[in-house]
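I have placed the structure first, in the form of structure tokens, so that the comments after it can refer back to it.
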Amino acid sequence: MLRTLLRRRKRALSSADVTVADQPQVRRAVTAAALGNTMEWFDFGVYAYLAGTMGKVFFPSSSPGVQVVSTFATFAAAFLVRPLGGLVFGPLGDRIGRQKVLAATMIMMAASTFAVGFLPTYAAVGFAAPLLLLVCRLVQGFSTGGEYAGATTYIAEYAPDRRRGFLGSWLDFGTFVGYALGSGLVTILTVTLGTKGLEDWGWRIPFFVAGPLGLIGLYMRLKLEETPAFKKEAAYAAAEGGGDASAAEEAPPTARGTLKEIFTKHWHAVLICMGLVLLYNVTNYMVTSYLPTYMTVTLDENDTTAQLLVLGTMLLVVLTITTVGHTSDRWGRRPVFLAGSVALIVLALPAFLLIREGGILLPAVGCVVLGLLLVCFAGTAASTLPALFPTRLRYGALSIAFNISVSLFGGTTPLFTSALVEVTGNDLVPAYYLMVAGVIGLVSTLFLHETAGKPLRGSGPMVETHGEAERLVAHSRAAAGRQARDIWIRLRHPWAQHPPEDRRD
């Protein structure tokens, strides 16, 4: 009994165990990470809104339906290499640091997106044009494999425990601002240049904008410091290695051992992560990447009307996402994910029935419903996913789980959905697709442990002020003292742990 009681005893926290967040550095970390996502999703918004135009420029000999499928196939190809990017950048971020890897992914993303604007058309070089487009998309996909997981990890490791949901939601705020900027720019070009001008040369302009955006993001990321959690983990690893920090940094790679540990000791967290990522990204890509094409090609709506409806949906998400993140800090991550999953199962079909009605009002209501469903996951994901894994392998585990799920189910959503609509002729297929994602997300959430307000796995508490740190240490010492007293009482008086009615013997 003594051994069991002592094993259960928790050590009191010391001041060294509690990290006080550097508020200016937290703001810089959130801004730089969010700007990277803005860059990434600016490209997605442009590509989604230009799907029809890109199909005509790079696949002119196909029918309109096949052009859309071909364009989305090129879009989906980038997601096939994302797991490779995750396998490279994730473990690298756990080894050399989050900041260095995030700077590298920013360079690759900006350069590959910028290069699309210089590509020759099919009319100029024939089949080489779509091949060059594919190469640019593959580079984008590879770099993106380390982007989102690294950015969520970076913000989560800088955020105070009680505000991780709110601060993490700014990452996806950047996501939808980037999408809105990209789609808004395409909408303006469509109105000002017309279809002919857009196909001739106007489609290049949004990709040229990516260059300056990337330079700004790179500058901000190069100014960042490493996260406190990674610094403590690196110091601990150096101490374990005999106190030689340089020797610890020069240790040989253990990618095989890391992968084995992730899939043997943390397989349950990997599955939960993949289920939640599927839920978020199927909804995300359905609304952001497929919905504009669905309304224009499948439902034959006016281009400008469809673009404005989806753009309005993105603005709704932008305006509400940080509120959802703050709500998850107060109510917890699980309730938000559970409510969103159930609502997606129930409301996906009515939303698409409204969108199918045509006009402005009813489709707008359907888009609002989809936007509110999307924000439930977007506002909570960045604070939930990093908390599933311990610090020393957080970047790698999250990169692998996230990118496998996105590659198989998220980025392929526009391709699979457009192909199924083309084959079946049923324009409600997107709604059924979302309902299946809702069921998978619901099951995953039921196995999710609540992490709101708690330290990240493998890390000590993170607080906002020194006063809060002192109160936390004092409370921990008091709790440890009470526990020591209880152990002493149980050892000296074993009968005292039983209620009075059990002492008759």
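These numbers come from the heavy atoms of this one structure, side chains and all, not from hydrogens, waters or symmetry mates. Model, not experiment: these values are computed from the prediction. Along the sequence shown, residues are numbered consecutively beginning with 1.
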Next item on the list: Identify which one of T38, N284, N37 satisfies the side chain to side chain donor-acceptor pair (under 3.5 Å) criterion when paired with T175.
Entry: N37
Notebook entry, point to check: What is the minimum heavy-atom distance between S328 and S383, and which atoms define it?
Noted result: OG-OG, 4.3 Å
Next item on the list: Find the distance between OG1 (T384) and CG (L276) and round it off to the nearest 0.5 Å.
Entry: 7.0 Å
Notebook entry, point to check: Which heavy-atom pair separates V81 from F142 by the least distance, and what is that distance?
Noted result: CG2-N, 3.5 Å
Note to self: Can you classify the ring geometry of H268 versus H266 as parallel (below 30°), tilted (30 to 60°) or perpendicular (above 60°)?
What the structure shows: parallel
Margin query: If you compare all heavy atoms of A156 against all heavy atoms of L456, which two are closest, and at what distance to 0.1 Å?
Written below: O-CD1, 3.5 Å
Notebook entry, point to check: Which residue pairs pass the side-chain hydrogen bond (donor to acceptor under 3.5 Å, both in side chains) test with at least one member in residues 369-382, sequence neighbours excluded?
Noted result: none
Notebook entry, point to check: How are the rings of Y148 and F402 set to each other: parallel, tilted or perpendicular (split at 30° and 60°)?
Noted result: parallel
Next item on the list: Inspect the contact between R394 and E157 and indicate whether a charged nitrogen and a carboxylate oxygen are less than 4.0 angstrom apart.
Entry: yes
Notebook entry, point to check: For S459 and T391, does a side-chain donor sit closer than 3.5 Å to a side-chain acceptor?
Noted result: yes
Check: Has the side chain of S405 got a donor or acceptor atom that lies under 3.5 Å from a matching backbone atom of A401?
Finding: no
Notebook entry, point to check: Where is the tightest heavy-atom contact between T417 and P430, given as atom of each residue plus distance?
Noted result: CG2-CG, 3.5 Å
Margin query: For Y280 and D172, which I'm curious about, is there any donor-acceptor pair between the side chains at under 3.5 Å?
Written below: yes
Margin query: Looking at every non-hydrogen atom in both residues, tell me the closest pair between L167 and A159 and how far apart they are.
Written below: CD1-CB, 3.7 Å
Note to self: Restricting to salt bridge (Lys or Arg N to Asp or Glu O under 4.0 Å), what partner residues turn up for R28, sequence neighbours left out?
What the structure shows: none
Next item on the list: Applying salt bridge (Lys or Arg N to Asp or Glu O under 4.0 Å), name anything that partners K231, two or more places apart in sequence or on another chain.
Entry: E225
Check: Which pairs pass salt bridge (Lys or Arg N to Asp or Glu O under 4.0 Å) with one or both residues in residues 264-283, sequence neighbours excluded?
Finding: none
Note to self: For a quick test of reading the model, state the closest non-hydrogen atom pair linking P160 to V463 and the distance between them.
What the structure shows: CB-C, 4.1 Å
Item checked: Working for side-chain contact (heavy atoms from CB on, under 4.5 Å), residues I404 and V270 -> CA-CA 10 Å; I404 289 175; V270 170; over 6 Å; no
Next item on the list: With rounding to the nearest 0.5 Å, note down the distance linking CG in L338 to OG1 in T445.
Entry: 5.0 Å
Check: Residues two or more places apart in sequence or in another chain: which of them pass salt bridge (Lys or Arg N to Asp or Glu O under 4.0 Å) with E147?
Finding: R221
Next item on the list: Measure up the F377 and F337 rings against each other and bin them: parallel (under 30°), tilted (30 to 60°), perpendicular (over 60°).
Entry: parallel
Margin query: Run the salt bridge (Lys or Arg N to Asp or Glu O under 4.0 Å) test against R457 and tell me which residues pass, sequence neighbours left out.
Written below: none
